[in-house]
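In what follows, every heavy atom counts, from backbone to side chain, and hydrogens, waters and symmetry copies are set aside. Below, chain A is the first sequence line, B the second, and so on; all start at residue 1.
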Amino acid sequence: MEKVSLPKGTRDFGPAQMAKRQFIFDSIRKVFQRYGFQPLETPAMENLSTLTGKYGEEGDQLLFKILNSGDYLKDVDSVKLATKDSRLITNDISEKGLRYDLTVPFARYVVTNRHEITFPFKRYQIQPVWRADRPQKGRYREFYQCDADVVGTDSLVCEAEIILMIKDAFKILGINDYIVKINHRGILSGLAEILNASAKEGSLFVAIDKLDKIGEEKVKEELRARGFDGDLSSLFETLNFKGNTKQKIDFLGQKFTSSEKGKKGLSDLTEVLSLLAGFGATDDHVEFDVALARGLSYYTGCIFEVKIGNVSIGSVSGGGRYDNLTAVFDAKEKSSGVGFSFGIDRLYDAMEELNIFPKDARASSTVLVAHLDEQSFRHSLKIVQGLRENEISCEVYPEPAKVKKQLEYADKKKIPFVVVIGSEEIRTETVTLKKMETGNQLTLSFPELVTAMQLYK
RNA sequence: GUGGGUGUAGUUCAGUUGGUUAGAAUGCUAGAUUGUGAUUCUGGAGGUCGUGGGUUCGAGCCCCAUCACUCACCCCA
C-alpha cells in the first residue's frame, strides 16, 4: 500500500480529466462573457469573521479554519484551554478560513471596493471553494464553483438572463435532458402564511423541499415530527397541483388573496416569464416548482435549481436573489443582488455518466515526430519547428529509440498523427505521415503535411 | 455528528465448512518483428492478503480492536 495519499474529499486531475474539465470551464466562461459579466478573483482565504455567521450554524462547522502562525497557543486563556473545548478557543488560535462559497467573498469585495465599482456590477468568478463535510458521491471537500452575479439592480431581466445563460451553457456542453426549477421565496412565505406557520417557515420549507425525493407520506411524517399538527390537506393540494406554469400561477393566485408576499412572488415569476418571451426564448426546460426551497438564510426573491435527467448526481446549478447580502458587512449598504452558480465537479460527473464529452476534448499534441537515427533526429527538429510556426501542436520524441517505442508513446498519449523521418525522407525531402487510428500512411512534402494538419484541426 | 458496506498484484476482482506453494483478467516488461503502435503468439517481474492482537495443530477466511476507503442520513454544488 502506498503511504502517501490525498486528504479525504480532494482529487488530482490528470491530463485526461483536465481536458474535459477545461472544456466545461471554457464553455461556461464563454457564456458568462457573452452576457456582459466580468471576471473577478478573490483570495482562497478570508478573515474568519468575514465567513462565520453567513451560512447558519451548520455552515460554520463546515468552514476550514487556518491555524495562526507562530506560537499560537501562547496567549490563550489557560482556563479556557483547560476545558479542552476547542470551540471556546477557535477565535484565539485561528483568524483566517478557506472560503466556503464565492457569494460571500463577492459581497465582501463589493463592500470593500464600492467606490470603484460601477453599478449594476456584473461579475463572474470561477474558483475552488472548500467545505469540511464528509465526502460522498458528488460531494467533495474541495470543488469549483462558477458564479455569475449582478449586484445593484432589482430588475428581473437578471433572473430571465440567468435562465438564458443556463440554457446556453447546456447547449454548448451537449446536455439536452435537464430541468431549470424556479420558485420564489415570497411564494414559500405565502404557503407558510396559509398554514399560519410563518414563525417556523424554515422547518416547513426544508421538509417540503424533499417532496420529490422522499414522497408525500414521508414529508407529512416529517412535518408532524416538527410540530405541524394542523390540517395539511390544503398544503398538499397546492404542492401536488399539476399543470403548466401559467396554470400553477393562476391556481396559486386564488390561494394567495390575503398574502402580500405570495402575490409579489407570483407577479415576479410572471414578469420573468414575460421577459423571457421578450428575449424571444421559450420556457422549454423551465419548471415552476412550488416545493423548491434552497438557500433559505439569504435568498429573498426568485430561487433556481438545475437538475440533469437520468443521472445519479444532485443539482448541478443553483441560485437566486438576495436583497441584503452586502448589509451583513455594512448596515448602510443595501444592494440587491442576484446570481447563480454551476458546480463544475458535478457537471463533470453527470457528463461522464451520460458519456457525452466530445471525443476531441484532448490536450495532447496533434503530431509526434519520430526518427530512426542521429541524423534523422537532427532533421526532425526542423520539421517540428516548421509545424509549430504553422500553429500545429507537436512534439519530437526526445531521444533515440526504436520506431516501435516511439509509436507506442504516441498511442498511449493519444496523439493522432506520427511523422516518421529516416534517411529516405531526408534524401527525397519528404515526410511519412501515419494516421494512428487507421494505420494508413502516405508520403508528403512538408507544405502538404502542413495543409493536411491544418485541415484536421 | 449518526448509520451501513468494503479492504487480497500497479488496477478491477476471484479465493469453497478454516487445510500444504494465494489465482484470473488487465496493465507493466522483454522477445517473435534491426523502418511501424493499437490486434496475435511466447517468456518475465510484481502480494507482509490494510494494521495490531486473539482463537486454533493450522487463519486471506473466525473473534476483538484500530486505520483507510466508500455509500447513505443531516446539510449542500
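- Annotation: B:A24 and B:G43 have their P atoms spaced 13 Å apart (nearest Å).
- Taking the charged nitrogens against the carboxylate oxygens, A:R224 and A:E221 have no contact shorter than 4.0 Å, which rules out a salt bridge.
- Aromatic ring orientation, A:F37 versus A:F32: tilted (interplanar angle from 30° to 60°).
- Contact check on A:E222 versus A:K218 returns no salt bridge, with no Lys/Arg side-chain nitrogen under 4.0 Å from an Asp/Glu carboxylate oxygen.
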Let me see the working for A:K405 and A:E399 under salt bridge (charged side-chain N to carboxylate O under 4.0 Å, His left out), right down to the final yes or no.
CA-CA 11 Å; A:K405 189 157 188 182; A:E399 55 192 80; 6.0 Å; no
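- Across the protein-nucleic acid pair, A:D373 atom CG and B:U36 atom C1' stand 16 Å apart, rounded to whole Å.
- Ion pairing of A:R321 with A:D268 is absent here, as no side-chain N (NZ or NE/NH1/NH2) approaches a carboxylate O to less than 4.0 Å.
- Put simply, CG on A:D133 is 13 Å from C1' on B:C73, counting in whole angstrom units.
- For a distance-only test at 3.5 Å, the side chain of A:R134 fails to qualify as a donor-acceptor partner of the base of B:U70.
- Nucleotides B:A59 and B:G53, compared at atom P, are 14 Å apart to the nearest Å.
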Check against side chain to side chain contact (heavy atoms under 4.5 Å, CB included), A:R99 and A:W130:
CA-CA 6 Å; A:R99 63 167 168 254; A:W130 294 270; 4.1 Å; yes
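- Under 4.0 Å is where a charged nitrogen must lie from a carboxylate oxygen, and between A:K402 and A:E408 no such pair does.
- In this structure, A:Y348 has its ring center closer than 6.0 angstrom to the ring center of A:F357.
- Look at A:K54 and A:E46 and you find no salt bridge, because none of the NZ, NE, NH1 or NH2 atoms lies under 4.0 Å from a carboxylate O.
- What separates CD1 of A:I28 from P of B:A77 is a distance of 15 Å, to the nearest Å.
- Along RNA chain B, the nucleotide nearest A:G422 and the nucleotide nearest A:K8 are compared for position; the residue whose nucleotide lies closer to the 5' end is A:G422.
- Taking atom C1' on both B:A30 and B:C71, the two are 43 Å apart, rounded to the nearest angstrom.
- Residue A:Q441 is classed as a base contact, given a heavy-atom separation below 4.0 Å to a base.
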Dot-bracket for RNA chain B, 5' to 3', counting Watson-Crick or G-U wobble pairs under 3.5 Å, with [ ] for crossing pairs and | for inter-strand pairs?
(((((((..((((.....[...)))).(((((.......))))).....(((((..]....))))))))))))....
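- Look at A:K210 and you'll find a side-chain N or O under 4.0 angstrom from OP1 or OP2 of B:C75.
- Comparing the P positions of B:U26 and B:U66 gives an interatomic distance of 41 Å, to the nearest angstrom.
- Between A:R29 and A:D26, at least one side-chain nitrogen of the basic residue sits less than 4.0 Å from a carboxylate oxygen of the acidic one, meeting the salt-bridge criterion.
- Nucleotide B:G35 holds its C1' atom 15 Å from the CG atom of A:L433, rounded to whole Å.
- Taking 4.0 Å as the cut-off between side-chain N and carboxylate O, A:D345 and A:R21 count as a salt-bridged pair.
- The stretch residues 401-412 of chain A touches RNA chain B through A:K402, A:V403, A:K404, A:L407, A:E408, A:D411, A:K412, each having a heavy atom within less than 4.0 Å of the strand.
- Following rounding to the nearest Å, A:L372 (CG) and B:U33 (P) show an atom-to-atom distance of 19 Å.
- One can find a donor-acceptor pair under 3.5 Å joining the base of B:G35 and the side-chain atoms of A:E425.
- Look at the P atom in both B:U8 and B:C61: the space between them is 13 Å, to the nearest Å.
- Using atom P as the reference point in both B:A77 and B:G5, the two lie 31 Å apart (nearest Å).
- Remark: the separation of the C1' atoms in B:A68 and B:C49 is 16 Å, to the nearest Å.
- Residues A:F340 and A:F304 place their aromatic rings such that the two centres sit no closer than 6.0 Å.
- Contacts of residues 136-143 of chain A with RNA chain B (heavy atom under 4.0 Å): A:Q136, A:K137, A:G138, A:R139, A:Y140, A:F143.
- Taking atom CD1 on A:I313 and atom P on B:A72, their separation rounds to 9 Å, with Å as the unit.
- Going from the P atom of B:G15 to that of B:G31 covers 38 Å, rounded to whole Å.
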Step by step, work out the side chain to side chain contact (heavy atoms under 4.5 Å, CB included) result for A:T52 and A:N91.
CA-CA 11 Å; A:T52 46; A:N91 287 327; 5.9 Å; no
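- Residues A:R346 and A:P7 each lie close to RNA chain B; by heavy-atom proximity, the contact nearer the 5' end of the strand is made by A:P7.
- When the P atom of B:C73 is taken as reference, atom NZ of A:K218 falls 12 Å away, rounded to whole Å.
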